[in-house]
Amino acid sequence: RFFPNITSIPPWLNATHGAWDSFRNLSGCHPGEKADGLSKLKNYLKHFGYINSSSNFTDDFDSDLKTAIETYQKNFNLNVTGDLDPETVQQIVRPRCGVADIVNGSTTMNSGKTTQSSNATHIHTVSH
Amino acid sequence: YTFFPGKPRWPQYNRDLTYAFQPENELTDVVKGVFTRAFSRWSAVTALTFTQTDSLADADLKIGFFVGDHGDGEPFDGLLGTLAHAFSPTSGRLHLDGDENWVVSSDITEATETSAVDLESVAVHEIGHLLGLGHSSVENAIMYPTIPSRTRKVELASDDILGIQELYGTNPSYNGSTSTTTPSSENEGDTVYG
């Protein structure tokens, strides 16, 4: 479907929903909850490299999902909450490139960069 | 900027790359011209060159529009969702989802149509993958995985330029200026692609 400009798109095409619109229903989910559609979200996160497990996914908001969401939030400059907050869901449903963000468990996007932890601010010295 | 694992790139003896389109797509010259412009953005900053050829079999880079399962293990998903994907060097495959509403001209900022996708913006991004760049966390970079709706984002950011020049060096004609422009958009709160 090629359109020379925006006005040439027939209006009826506008009614179609995007492939990931159903994820909007998961907004507000927290770790420990169970919600229809979380297994589909896990497949999404697996596709883009955020979950390594290949087992059948459940609709449980488990620790693996929390970790995956935290990594996703780091990569997209979101607040790292581990929850499916509205900002995170809004980012997830955006159409995007199909190439994974994390390939073979490796990335140098934000989540793969070494950050200065609070411990690193302590300099251990010995006085003489 | 990021690279694919192992930092694959086109070899030194093959930096003058050819590209061709899937003949079955029967693309118009206007659509092909969008890709020509997209390639020129990358060749402007590196020593790489890109030349269109009619022979898909002989081309280094193969561009095609496909719908659903198209045999590479990465099926497309219909309107929106995944828009396109490309493979790391030296695979050379760039696939776009034929179910999208691809807008070819540059007036997408006037759009109220939320499913409209600017073809050149996606083409520039995917060519970055063909050349060896992965996704970036820098939001104004071409290699950021998503961009807001009704947005045209085709100018390489400094992050993109530094990444590609680390792989292939600098175009001797490149004057060193980098774009700091933000994507043109009338509504940055909504969705779209990358």
* **Pair B:His135, A:Asn75: side-chain N/O donor-acceptor within cut-off below 3.5 Å** => no

* B:Val31, part contacting chain A, at a heavy-atom distance under 4.5 Å -> side chain

* What residues of residues 4-22 of chain B sit under 4.5 Å from chain A when only non-hydrogen atoms are counted? -> B:Phe4, B:Pro5

* To do: Sequence neighbours left out, what passes side chain to side chain donor-acceptor pair (under 3.5 Å) with A:Asp62? Give chain and number order.
  => A:Lys42

* Let me know which of A:Leu38, A:Leu41, A:Leu84 forms a side chain to side chain contact (heavy atoms under 4.5 Å, CB included) with A:Phe23. => A:Leu41

* Structure fact -> Given B:Gly78, B:Ala86, B:Gly81, the one with more heavy-atom pairs under 4.5 angstrom with chain A than any other is B:Gly81

* Do A:Cys97 and B:His129 have side-chain heavy atoms sitting under 4.5 Å apart? -> yes

* Structure fact -> So, the part of B:Glu100 with a heavy atom under 4.5 Å from chain A: the answer is backbone

* **Atom group of B:Phe3 that falls short of 4.5 Å from chain A, counting heavy atoms** => backbone

* Asked: Do B:Glu166 and B:Tyr1 have side-chain atoms, one donor and one acceptor, less than 3.5 Å apart?
  -> yes

* **Ionic contact status for B:Asp160 with B:Arg41, cut-off 4.0 Å** => no

* To do: Assess the pair A:Tyr44 and A:Phe48: is the distance between their ring centroids shorter than 6.0 Å?
  => yes

* Identified side chain to side chain contact (heavy atoms under 4.5 Å, CB included) counterpart of B:Ser121 within the set B:Glu155, B:Arg152, B:Glu126 -> B:Arg152

